[in-house]
2 protein chains.
Amino acid sequence: MTAPLHEARPSGPGRALPDTQQGMRRRNLARVLHALRAEGPLSRAAVASRIGLTRAAVSTLVDELIRSGLLEELGPERPGRVGRPGSALAVSGRGPAGIGAEVGVDHLAVCAVDLRGTTRARAIRQGANRDRSPEPVLAELTELIRQVVAEAEGEGLWPAGLAVAVPGLVARDARTVVRAPNLGWHDTDLGTLLPAGLPLTVDNEANFGALAELWLGEDTPRDFLHVSAEIGIGAAVVVDGGLLRGTRGFAGELGHVPVRPDGPECPCGGRGCLEQYAGEEAVLRAAGLEPGEDRVGLLAGRAAQGDENVRRALRDAGTAFGVALTGAVNLLDPESVVLGGELSGLAPWLLPSLRDELARRTAGPVCPVSVSGLGPEGPLLGAAHSVVRAVLDDPAAVAGQA
Amino acid sequence: MTAPLHEARPSGPGRALPDTQQGMRRRNLARVLHALRAEGPLSRAAVASRIGLTRAAVSTLVDELIRSGLLEELGPERPGRVGRPGSALAVSGRGPAGIGAEVGVDHLAVCAVDLRGTTRARAIRQGANRDRSPEPVLAELTELIRQVVAEAEGEGLWPAGLAVAVPGLVARDARTVVRAPNLGWHDTDLGTLLPAGLPLTVDNEANFGALAELWLGEDTPRDFLHVSAEIGIGAAVVVDGGLLRGTRGFAGELGHVPVRPDGPECPCGGRGCLEQYAGEEAVLRAAGLEPGEDRVGLLAGRAAQGDENVRRALRDAGTAFGVALTGAVNLLDPESVVLGGELSGLAPWLLPSLRDELARRTAGPVCPVSVSGLGPEGPLLGAAHSVVRAVLDDPAAVAGQA
DNA sequence: GCTATTTCGTCATGCCGATTTACAAATTAG
DNA sequence: CTAATTTGTAAATCGGCATGACGAAATAGC
């Protein structure tokens with residue numbers, strides 16, 4: 001017999017709902033929905049046995065979810081077993097949709113994802129946004145959003161919320177961009193510049209990328225470190241299936257972990273931060289290349305061609321990553337480290353030295369480092385799916401908004 | 001309107017209980033207890049308004065808690081206000097007690113804490129345990145435990161559980177000491193060597209120290225980093241009022257965060273780890289002192305006397321701490337950093353350079369660094385209180401075990 | 001001093017949500 | 001064709017809190 005370990009606990013489905021009978025019902029609605037989303041079409045009886053409720057209880061929950069358009073009855077199952085066949089239920093493909101949007105440095109993207117997790121509509125517009133003022137950029141984005149929403153509505157979906165990924169720091173109100181250096185934005189309230197009437201969430205690209213990895217990655221654990229390099233170098237810390245944001249929302253600043261305490265000065269005030277060794281600018285300089293458009297593509301291209309200067313620069317960056325990640329892994333003991341976003345394109349040349357350095361500095365089993373399979377799509381998908389998750393976690397909140 | 005931020009959520013009272021009507025009741029029992037513990041004697045009506053239930057509901061909850069001996073009715077309040085005076089309720093001082101124990105390198109300690117949080121019995125035995133085998137040490141500890149339990153029982157308390165703090169790594173089963181270098185123990189199951197019949201939890205000294213800080217410290221935030229140096233240098237990461245343990249339970253290894261990537265070799269396999277600069281051994285060497293008993297006391301004494309070698313050694317250690325903590329703060333964005341355990345005795349000479357270094361490397365507001373007020377008692381108190389918290393978080397689990 | 005007012009604790013009642021029990025429907029096994 | 005098995009639903013029950021009413025015990029005002 002053991003007393004409980006006092007430890008941080010997960011968010012889990014609907015854990016924020018009030019602790020009342022109504023809250024319990026809402027959590028049970030969420031459990032039914034989650035079970036059906038995770039394990040394909042199931043009968044009421046199958047759902048009941050999976051989530052530990054009775055068939056009767058599940059029946060009423062399912063009724064409610066069907067009435068709100070979140071579930072569909074597919075009809076009788078073709079059984080190989082004895083007994084009356086169940087009626088298959090599935091998450092609706094014509095219910096609420098999560099609208100995800102991304103403001104990139106040189107593109108805008110929007111997509112719509114349904115409850116099943118499939119992308120049903122998308123729109124992308126290339127074009128440099130660096131140092132354009134927010135108004136025209138967001139007007140363009142609004143136009144794309146309208147397009148995607150219209151397309152989704154054409155397929156019987158209705159938008160349940162909008163989540164926007166931006167390459168910068170976002171205030172905890174999830175609306176205001178505090179600072180986006182690569183866009184030149186600061187203290188911009190996106191709430192007033194985007195379509196009203198849709199619940200809005202704005203968050204850092206890196207955070208959405210990590211969530212995408214958590215929700216869509218194959219075999220992604222519930223505790224990992226997601227490293228990306230869009231605006232500087234950022235890491236998202238995922239603990240027990242939730243993002244660790246920090247008191248001010250600034251957690252994950254891997255780029256300013258000291259690698260060499262007496263290294264070159266960094267605009268952050270420190271010296272020898274990881275960004276001074278592995279940041280985009282530093283790597284370009286070390287490789288002898290000029291900064292310009294599509295810098296990551298340039299690096300990857302040259303490295304693939306065998307340019308030894310570029311390869312050395314990337315190797316050294318990997319080593320610096322290894323040092324910084326050693327610290328992070330020692331502090332957090334994550335199950336794995338995932339390289340995401342633009343970094344995944346450079347992984348072939350970064351990874352060997354990174355892994356080497358990490359292994360050299362670790363006594364026991366080495367924390368595995370992998371590359372995200374989502375590529376540059378991560379943040380956009382994470383944004384759209386965050387809306388979908390919100391619906392799955394509390395279906396009652398959106399029921400009847402159709 | 002904003003969609004929810006996907007983030008790690010707190011444990012909170014009884015969040016692990018099942019999501020059923022009974023679970024709800026158990027959580028409400030916990031809420032009543034927590035309210036009474038936090039805000040002194042209160043009437044039923046006062047409790048009701050505080051936790052958001054009706055007087056009627058609180059009445060039945062209180063009845064149950066009184067029947068199980070967790071609450072006491074103190075009798076009518078002397079009111080200055082109009083209306084019938086309430087009957088004051090208070091957490092019982094004669095109910096369950098948490099038994100905390102500590103296996104130190106040169107002492108054993110046990111204490112009993114009641115639901116009110118007051119220490120009601122204690123026993124300490126000095127004596128070096130370094131490299132003694134577990135059996136005799138735990139036999140001695142068992143003897144102390146029996147003493148303390150007997151004393152507590154004399155005051156009408158009954159032991160609800162035993163929590164043991166050890167200077168080493170503990171497996172996630174919370175019973176087995178994987179490795180305690182300073183004791184020379186490894187893979188020792190304490191469950192078989194301690195009094196049976198009591199729910200047992202074993203954990204790292206540093207973790208219990210951090211929990212003590214969380215529960216007993218003044219103005220301690222719910223997100224902080226607790227640094228201690230008993231076995232090497234460890235940090236406990238507290239997120240939203242819960243410990244972050246990591247996948248294998250190894251989170252918080254601040255001692256092996258690289259400070260200088262090419263620094264001296266470390267037994268961990270790395271180079272230039274914090275421990276090579278700020279570990280006990282390193283500091284003693286830098287100060288020109290021989291290792292022996294009570295090394296921390298020796299350092300503090302010499303420093304207080306003005307020994308410049310010792311002071312310089314501690315200053316340098318503080319600087320190294322500053323570098324490592326810069327990394328940690330950038331990754332975790334805690335509300336504060338607390339120096340606890342033995343470190344608190346050396347704080348006067350460590351802090352200035354530590355704060356300097358941290359400030360130098362930080363652009364915005366600097367993360368405040370403070371010293372624990374609990375001193376070396378932290379881990380022992382944390383252990384005892386962890387049992388008490390377990391009771392407060394789920395009173396129904398222990399009701400009727402008296 | 002007496003009454004009105006206010007607040008407290010408790011009871012009876014009702015509501016909500018899940019469980020239990022029972023049963024009709026739909027299938028397979030023999 | 002019957003027995004067995006499983007599904008989905010309806011009716012009754014139970015657990016838990018809310019609501020509303022009431023007596024009890026204090027103060028406030030006359």
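Below, read A as the first sequence line, B as the second, and so on, with proteins coming before strands; counting in each chain starts at 1. It should be emphasised that the depicted structure is a prediction, and the values quoted were computed from it without experimental measurement.
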**Student:** Rounded to whole Å, please give me the gap between CG in A:Leu42 and P in D:dG8.
**Tutor:**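 Those two atoms, CG and P, are 11 Å apart.
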**Student:** Hey, does the side chain of B:Asp223 reach the backbone of B:Pro334 with a donor-acceptor pair shorter than 3.5 angstrom?
**Tutor:**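 Not at all, since once roles are kept as given, no pair shorter than 3.5 Å links the two residues.
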**Student:** First and last nucleotide of DNA chain C in contact with chain A, 5' to 3', at under 4.0 Å to a heavy atom: what are they?
**Tutor:**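 The contacted stretch runs from C:dC16 to C:dT28.
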**Student:** Rounded to the nearest angstrom, tell me the gap between atom CD in B:Glu77 and atom C1' in D:dA26.
**Tutor:**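 Atom-to-atom, B:Glu77 to D:dA26, this comes out as 12 Å.
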**Student:** If you look at every strand shown and take non-hydrogen atoms under 4.0 Å, does A:Ser87 touch a base, only sugar-phosphate, or nothing?
**Tutor:**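 Result for A:Ser87 = sugar-phosphate.
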**Student:** Report the distance from atom CD of B:Gln21 to atom P of D:dT13, rounded to the nearest whole Å.
**Tutor:**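 So the CD-P distance, B:Gln21 to D:dT13, works out to 17 Å.
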**Student:** Would you say the side chains of B:Asn28 and B:Arg25 form a donor-acceptor pair under 3.5 Å?
**Tutor:**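 The criterion, which ignores hydrogens and geometry beyond distance, is not satisfied for B:Arg25 and B:Asn28.
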**Student:** Should A:Arg44 and A:Glu73 count as an ion pair when the cut-off is N to O under 4.0 Å?
**Tutor:**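 Salt bridge present between A:Arg44 and A:Glu73.
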**Student:** Could you check which residues of residues 53-62 of chain A get a heavy atom under 4.0 Å from DNA chain D? Sort them by number, please.
**Tutor:**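 When residues 53-62 of chain A is checked for heavy atoms under 4.0 Å from DNA chain D, the hits, listed by number, are A:Arg55, A:Ala56, A:Ser59.
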**Student:** Is the shortest side-chain N/O distance from B:Asn28 to OP1 or OP2 of D:dG16 below 4.0 Å?
**Tutor:**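 The answer is no; no side-chain N or O of B:Asn28 sits under 4.0 Å from OP1 or OP2.
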**Student:** Quick check on DNA chain C: between B:Ala45 and A:Val82, whose nearest nucleotide comes earlier from the 5' end?
**Tutor:**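 Looking at DNA chain C, the more 5' nearest nucleotide goes with B:Ala45.
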**Student:** For the pair A:Glu77 and A:Arg84, find out whether any cationic side-chain nitrogen is under 4.0 Å from an anionic carboxylate oxygen.
**Tutor:**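 Looking at A:Arg84 together with A:Glu77, the answer is no, because their closest N to O distance does not fall below 4.0 Å.
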**Student:** Nearest whole angstrom, please: distance from the C1' of D:dG15 to the CZ of B:Arg27.
**Tutor:**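 Going from CZ in B:Arg27 over to C1' in D:dG15 covers 14 Å.
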**Student:** Between B:Ser68 and B:Glu64, is there a donor-acceptor pair closer than 3.5 Å when you use the side chain of the first and the backbone of the second?
**Tutor:**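 Yes, because the side chain of B:Ser68 sits within donor-acceptor range (under 3.5 Å) of the backbone of B:Glu64.
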**Student:** Flag yes if more than 12 heavy atoms outside A:Arg50 fall under 6.0 Å of its CZ atom; otherwise flag no.
**Tutor:**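 Enclosed: over 12 neighbouring heavy atoms sit under 6.0 Å from CZ of A:Arg50.
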**Student:** How many Å lie between CZ on B:Arg31 and P on D:dG16, as a whole number?
**Tutor:**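 Distance, rounded to whole Å: 15 Å.
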**Student:** Just the rounded figure in Å: distance from P of D:dA28 to CZ of B:Arg84.
**Tutor:**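 Computing the B:Arg84:CZ to D:dA28:P distance gives 18 Å.
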**Student:** Is B:Arg120 reaching over with its side chain to a backbone N or O of B:Gly93, donor-acceptor style, under 3.5 angstrom?
**Tutor:**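 Pair found, side chain donor or acceptor close to backbone of B:Gly93.
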**Student:** Decide, yes or no, whether a salt bridge links B:Arg116 with B:Glu72 under the criterion of side-chain N to carboxylate O below 4.0 Å.
**Tutor:**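 Looking at B:Arg116 and B:Glu72, the cut-off is met.
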**Student:** Tell me which of A:Gly83 and A:Asp63 sits closer to the 5' end of DNA chain D, going by the nucleotide each one is nearest to.
**Tutor:**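 The residue whose closest nucleotide sits nearer the 5' end is A:Gly83.
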**Student:** Rounding to a whole Å, what distance do you find between B:Gln22:CD and D:dC17:P?
**Tutor:**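 Distance check: B:Gln22 CD to D:dC17 P gives 10 Å.
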**Student:** Test your reading of the model: is there a side-chain donor-acceptor pair from B:Arg27 to the backbone of B:Asp19, 3.5 Å cut-off?
**Tutor:**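 Flag not set: sc B:Arg27 to bb B:Asp19 has no pair under 3.5 Å.
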